[in-house]
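The next block holds one structure in the form of structure tokens; read it before the comments.
In each ligand, atom 1 is the first atom listed, and ligand 1 is the first ligand listed.
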Amino acid sequence: MADCIFCKIAGKEIPSQAVYEDEQVIAFKDLEPQAPVHVLVIPKKHVESVLALSGEDKELMGHILCEVVPKLAKDLEVDANGFRLVVNTGKDGNQTVKHLHFHLLGGRSMQWPPG
Ligand code: 5GP
Ligand code: ZN
């Protein structure tokens with residue numbers, strides 16, 4: 001989608017520090033990391049948020065959650081101590097980039113409740 005930063009990252013128009021990539025998904029380091037490990041996992045196709053997902057995306061979301069995230073957790077060595085997976089959505093969720101992304105945060109102890 002034109003003018004979408006994450007579409008441009010997926011299309012390599014904007015450089016990123018990728019830590020994982022396949023045909024459907026790319027994961028890259030967040031520009032402003034909030035933890036020692038902070039990567040964003042995104043579908044390459046433009047989806048605005050979880051609210052824009054449909055039944056057609058079940059396989060893609062299953063791939064991200066069942067395969068990519070666990071693999072990344074192991075590769076980034078946060079599987080033993082755990083991590084946080086965050087999907088900010090819409091205005092109250094403070095979603096600033098309107099392309100679905102999963103924040104994978106780890107390497108330190110997280111607080112609850114979130115701010
Ligand atoms: P949101 O607030 O939408 O959940 O998160 C957007 C995230 O994208 C933020 O953590 C922000 O630092 C990150 N971000 C925004 N622009 C870029 C960029 O151009 N490159 C990278 N690597 N991260 C970005
Ligand atoms: Zn996009």
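- At a 4.0 Å heavy-atom cut-off, ligand 1 touches Phe6 through the side chain alone.
- Atom numbering of ligand 1 starts at 1 in the shown order; those under 4.0 Å from a heavy atom of Ile5 are 19 (O).
- For ligand 1, none of its N or O atoms has an N or O atom of His38 under 3.5 Å away.
- In summary, the atoms of ligand 1 found under 4.0 Å from a heavy atom of Phe28, numbered by their order in the structure, are 21 (C), 22 (N).
- A distance-only check finds no donor-acceptor pair linking the side chain of Ser16 to the backbone of Ile14 [under 3.5 Å].
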- request: Apply the test side chain to side chain contact (heavy atoms under 4.5 Å, CB included) to residues Phe102 and Ile64: give CA-CA distance (whole Å), side-chain angles for both, the deciding distance (0.1 Å), then the verdict.
  value: CA-CA 9 Å; Phe102 296 78; Ile64 289 175; 4.0 Å; yes
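- Neither the backbone nor the side chain of Gln34 comes within contact range of ligand 1; no heavy atom lies under 4.0 Å.
- Set against the non-hydrogen atoms of Asn94, the atoms of ligand 1 under 4.0 Å away are 2 (O).
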query: Given the rule in the side chain to side chain contact (heavy atoms under 4.5 Å, CB included) test, do Val68 and Asp22 qualify, once you have shown the distances and angles that lead to the verdict?
result: CA-CA 9 Å; Val68 178; Asp22 64 31; 4.2 Å; yes
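- The nearest protein atom to atom 12 (O) of ligand 1, hydrogens excluded, is given as Asp30 OD1, 2.5 Å; this is a heavy-atom distance.
- Checking His63 against Glu67 by side-chain atom types alone, a donor-acceptor pair falls below 3.5 Å.
- If you check which protein heavy atom lies closest to atom 15 (C) of ligand 1, you get Val97 CG2, 4.1 Å.
- At least one heavy atom of His101 sits less than 4.0 Å from an atom of ligand 1.
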message: Quick one, His99 with His101, criterion ring-ring contact (aromatic ring centres under 6.0 Å, His included). Give me CA distance, side-chain angles, the key distance, then yes/no.
response: CA-CA 6 Å; His99 179 132; His101 50 281; 7.9 Å; no
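- The distance from ligand 1 to the heavy atoms of Glu32 drops below 4.0 Å at these ligand atoms: 12 (O).
- Residue contacts with ligand 1: Gln17 is excluded, as none of its non-hydrogen atoms falls under 4.0 Å.
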task: Starting from the C-alpha separation in whole Å, work towards a yes-or-no answer on side chain to side chain contact (heavy atoms under 4.5 Å, CB included) for Met61 and Leu100.
output: CA-CA 11 Å; Met61 292 301 105; Leu100 177 63; 3.9 Å; yes
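- Any N or O atom pair closer than 3.5 Å counts here, and Gln95 shares no such pair with ligand 1.
- At least one heavy atom of Ile9 sits closer than 4.0 Å to an atom of ligand 1.
- In this structure, Lys44 pairs ionically with Glu21, as a charged nitrogen and a carboxylate oxygen lie closer than 4.0 Å.
- Checked by atom type and distance alone, the side chain of Asn81 never pairs as donor or acceptor with a backbone atom of Val78 at under 3.5 Å.
- Centred on the Zn ion (ligand 2), the angle running from Cys4 (SG) to His99 (ND1) is recorded as 110°, rounding to 10°.
- When atom types are taken as modelled, the side chain of Lys12 and the backbone of Ile9 share no donor-acceptor pair closer than 3.5 angstrom.
- The ligand atoms of ligand 1 that sit less than 4.0 angstrom from a heavy atom of Thr96 are 1 (P), 2 (O), 3 (O), 5 (O), 6 (C).
- Atoms of ligand 1 lying under 4.0 Å from any heavy atom of His103, numbered from 1 in the order shown and given with element: 1 (P), 4 (O), 5 (O), 7 (C), 10 (O).
- Geometrically, ligand 1 and Leu31 share a nitrogen or oxygen pair separated by less than 3.5 Å.
- For the pair Ile14 and ligand 1, no heavy-atom separation below 4.0 Å is found.
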- request: Evaluate the criterion side chain to side chain contact (heavy atoms under 4.5 Å, CB included) for residue pair Val25 and Leu60; output intermediate values, then yes/no.
  value: CA-CA 8 Å; Val25 176; Leu60 175 59; 4.1 Å; yes
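- Counting only distance, with no hydrogens or angles, the side chain of Glu77 and the backbone of Asp75 share no donor-acceptor pair below 3.5 Å.
- Looking at His46, its N, O or S atom nearest to the Zn ion (ligand 2) turns out to be ND1.
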